[in-house]
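Numbers for residues simply follow the sequence, beginning at 1.
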Amino acid sequence: MLPALVGVGLALAVALFARIVGFDRDRAFYPVVLVVVASYYDLFAVMGGGGADLVPETIGFIAFAAAAAIGFRTSLWVVVAALAAHGVFDFFHHALVDNPGVPTWWPSWCLAYDVAAAACLGALILKGPITARATHSA
């Protein structure tokens, strides 16, 4: 229970910090958060010995990084959905990949963090200065 509470608390603290400093005014902030949280399972795979678990972890990372890029380029609602989906992934991760480097408390912490971050981004889209859709063409 404590890891989940800390996960929510840290997601709210990061969101508040980003709001005060102005990081979240740029539509890239939350997609970058998604890329970072998705990369940790690769780190844990390396910490656990870098065996066969690194392949599925990298596939997962690529999928969430792609969602971050697509959401950045199209609609931040994609990033909201992907952050929440990563939380669901955290919940089922142990049944999908045997990664000995993952700390026992990580899945509940990351589930809570991801869902809280998704909620913060959703609230920001609904009432904040950033737009859900990309306004640039690149």
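One hydrophobic cluster, built from ILVMFWY side chains closer than 4.5 Å, holds both Val36 and Val80. The hydrophobic clustering, which links ILVMFWY residues whose side-chain heavy atoms are closer than 4.5 Å, places Leu2 and Phe91 together. When the side chains of ILVMFWY residues are joined at heavy-atom separations under 4.5 Å, either directly or via intervening members, Val97 and Val102 end up in a single hydrophobic cluster. One hydrophobic cluster holds both Val37 and Phe17 under the rule that ILVMFWY side chains link at heavy-atom gaps under 4.5 Å. Under a hydrophobic-cluster definition in which Ile, Leu, Val, Met, Phe, Trp and Tyr are linked whenever side-chain heavy atoms come within less than 4.5 Å, directly or via other members, Val33 and Trp77 are assigned to the same cluster.
When the options Asp90, Thr58, Asp53, Asn99 are evaluated for a side-chain hydrogen bond (donor to acceptor under 3.5 Å, both in side chains) with Tyr41, the one that passes is Asp90.
Shown here for Leu54 and Ala45, the closest heavy-atom pair between the two residues is CD1-CB, 3.7 Å. Summarising the geometry of Tyr30 relative to Ala15, their closest heavy-atom pair is OH-CB, 3.5 Å, with the distance given to 0.1 Å. For the residue pair Arg27 and Thr74, the shortest heavy atom distance occurs at NH2-O, 3.9 Å. Shown here for Arg25 and Arg19, the closest heavy-atom pair between the two residues is NH2-O, 4.1 Å. For Pro31 against Leu76, the heavy-atom pair with the smallest separation is CG-CD2, 3.9 Å. In terms of heavy atoms, Leu34 sits closest to Ala82 at CD2-CB, 3.5 Å.
Distance NE2/His93 to CG/Asp98: 9.5 Å, rounded to 0.5 Å. Note that the CZ atom of Phe44 and the CG atom of Asp42 stand 10.5 Å from one another [nearest 0.5 Å].
Evaluation of the side-chain hydrogen bond (donor to acceptor under 3.5 Å, both in side chains) test over residues 31-40, restricted to residues two or more places apart or in two chains, returns none.
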For a quick test of your reading: what N or O donor-acceptor pairs under 3.5 Å do the side chains of residues 103-124 make, sequence neighbours left out?
unit_1: Ser108; atom_1: OG; unit_2: Trp105; atom_2: O; d: 3.2
unit_1: Asp114; atom_1: OD2; unit_2: His86; atom_2: ND1; d: 2.5
unit_1: Asp114; atom_1: OD2; unit_2: Gly87; atom_2: N; d: 3.4

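For the pair Phe61/Val35, a side-chain contact is recorded, criterion being any heavy-atom separation below 4.5 Å from C-beta on.
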For Phe29 and Val14, what are the C-alpha separation, side-chain angles and deciding distance, and is it a side-chain contact (heavy atoms from CB on, under 4.5 Å)? CA-CA 11 Å; Phe29 180 73; Val14 168; 4.0 Å; yes
